[in-house]
Colleague: 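Provided herewith is a single structure, encoded as structure tokens, for subsequent inquiry.
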Amino acid sequence: MILKNEFLEVEITEYGASVVSIKVPDRNGKMVDVVLGYDDLMSYKRQDKYIGATIGRCCNRIANGLININGQKYTLKCNEGKNHLHGGFHGFDKKFWQGTKGDNTVNFVYHSKDGEENYPGNLNVTLTYTLKKQALYINYKAVSDKDTVCNLTNHTYFNLNGGGDILDNEVLIFADYFTENDANSLTTGKILPVENTPMDFRKPKKIGDDINSDYYQIKYANGFDNNWVIKDYNGRIKKAARAFSKKTGIELTVQTNLPGIQFYSGNYLDGAGLGKNNIPIKKYSGFCLECQYFPNAFANKNFPLPVLHAGELYDKTIKYKFKII
Ligand code: BGC
């Protein structure tokens, strides 16, 4: 399904309610596709990199799949060694969502059954993509009949050059702190200042500048792959990150009403196969800016819990806005 206006053209598919392409005019007016993806459904099914996909019920990792909701313990299915990653073996990224197209919207629904991947409660999710001027809004609404976990995100890989690697794309993250990971990419509970570390993106910095740093967080992940704590979070929509390509002049601003953002520099993209136009997708072909509750929150008492109580409305938004500079 295609959403189009005078600024942007966005293609979305029912498989994973995924973003397939976002075409933006560069500074010369030439349309540039700034996201990774494939030309056919089979390739989407084959990949295990979550390219463009909707992630749920809980994005990122949960150590040993263990969650505890009001004293009730559950063990979620563990699809990454000992951990639950991005919703389990058949997360929301692998479901066909029922989509309806409106003028400038695509509306998707998915009913996640009680016990799916061992999550409690029937969860009804409505996801709406809206194109408004230079922005794509993704709104997630969900209601469950039991207390459950809900932490949904979008796993689009951006490349603001429209091809090649992303090492010269500049990134700015509106965060003074990030959450520390252990060697298995699990948050430890420590919230560390970015100051005097290569994790400092308070001023725009090329992704490649520090990607080979000896800093332990970067070594653990073969690049950037942490959660940053969005500055002055108050539950309202705020700027979380910005990215820019000097080559095309395209700037992306990410806004959200979620408290965290995972900046992942595509470190494990090798093996993703042939992307659009048969061009191989490789390490550093794209980067993700995934708005989220802090990962592995059930293991860390100081993190806000992504618990959705029975009957309560989950209502979160991610906004990707483009501009030419
Ligand atoms: C995570 C990475 C993971 C990747 C899977 C990202 O959201 O932060 O650790 O390898 O998803 O493609």
Side-chain angles (χ1 to χ4, degrees), residues 15-16 18-19 35-38 43-63 65 77-94 117 138 140 151-159 166 171 173 175 178-188 199 201 207 211 216-230 240-241 243 254 256 258-273 275 280-297 299-300 303 306 318 320:
Y15 185 71
S18 306
V19 174
V35 312
L36 303 187
Y38 298 99
S43 303
Y44 275 95
K45 287 187 167 174
R46 228 181 274 137
Q47 57 126 353
D48 59 358
K49 313 295 179 193
Y50 305 90
I51 293 178
T54 300
I55 310 293
R57 286 188 201 188
C58 186
C59 57
N60 210 286
R61 295 178 175 82
I62 298 178
K77 299 230 173 128
C78 290
N79 56 318
E80 192 202 46
K82 286 187 180 164
N83 306 321
H84 177 88
L85 172 68
H86 289 331
F89 290 100
H90 294 100
F92 291 5
D93 59 295
K94 293 179 189 67
E117 301 291 332
I138 315 176
Y140 304 84
N151 186 8
L152 311 176
T153 195
N154 174 264
H155 209 289
T156 291
Y157 288 83
F158 294 96
N159 180 331
I166 44 84
V171 167
I173 307 175
F178 70 97
T179 55
E180 183 194 55
N181 282 346
D182 67 14
N184 297 315
S185 298
L186 288 166
T187 54
T188 62
M199 312 300 265
F201 282 91
I207 296 175
I211 207 160
Y216 72 119
Q217 292 294 286
I218 297 174
K219 279 273 161 257
Y220 282 169
N222 280 304
F224 295 99
D225 191 9
N226 280 79
N227 169 70
W228 270 256
V229 177
I230 297 168
V254 180
T256 188
L258 284 153
I261 187 161
Q262 188 85 13
F263 167 46
Y264 169 53
S265 50
N267 317 330
Y268 305 111
L269 273 174
D270 277 344
I281 296 177
K282 297 193 290 209
K283 184 176 180 182
Y284 307 149
S285 289
F287 64 89
C288 300
L289 289 165
E290 304 154 62
C291 303
Q292 60 186 1
Y293 280 96
F294 303 174
N296 196 25
N300 298 303
F303 287 5
I318 296 172
Y320 298 137

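The chain is numbered in sequence order, starting from 1. Please read all numbers here as calculations on a predicted model, not as lab measurements. Atoms within each ligand, like the ligands themselves, are counted from 1 in listed order.
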Colleague: Holding to side chain to side chain donor-acceptor pair (under 3.5 Å), I want the full list of residues that pass it with Thr156, two or more places apart in sequence or in another chain.
Modeller: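 Thr156 satisfies side chain to side chain donor-acceptor pair (under 3.5 Å) with Asn154 once adjacent residues are dropped.
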Colleague: Strictly by modelled atom types, are Gln292 and Thr153 linked by a side-chain donor-acceptor pair under 3.5 Å?
Modeller: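 The answer is no; no qualifying pair exists.
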Colleague: Please step through side chain to side chain contact (heavy atoms under 4.5 Å, CB included) for the pair Met199 and Phe263, ending with a clear verdict.
Modeller: CA-CA 10 Å; Met199 312 300 265; Phe263 167 46; over 6 Å; no
Colleague: Taking side chain to side chain contact (heavy atoms under 4.5 Å, CB included) as the definition, give me every residue that meets it alongside Ser285, ordered by chain and number, with sequence neighbours left out.
Modeller: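 Applying side chain to side chain contact (heavy atoms under 4.5 Å, CB included) to Ser285 gives Leu36, Leu269, Ile281, Lys282.
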Colleague: Heavy-atom contacts with ligand 1 below 4.0 Å: which residues, ordered by chain and residue number?
Modeller: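 Near ligand 1, by chain and number: Lys49, Tyr50, Asn60, Arg61, His86, His155, Tyr157, Asp225, Gln262, Tyr264, Tyr268, Glu290.
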Colleague: Between Gln47 (side chain) and Lys49 (backbone), is there a donor-acceptor pair under 3.5 Å?
Modeller: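 Flag set: sc Gln47 to bb Lys49 pair under 3.5 Å.
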Colleague: With salt bridge (charged side-chain N to carboxylate O under 4.0 Å, His left out) as the rule and sequence neighbours excluded, what pairs involving residues 258-270 come up?
Modeller: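 Counting only pairs at least two positions apart or across chains, no salt bridge (charged side-chain N to carboxylate O under 4.0 Å, His left out) contact touches residues 258-270.
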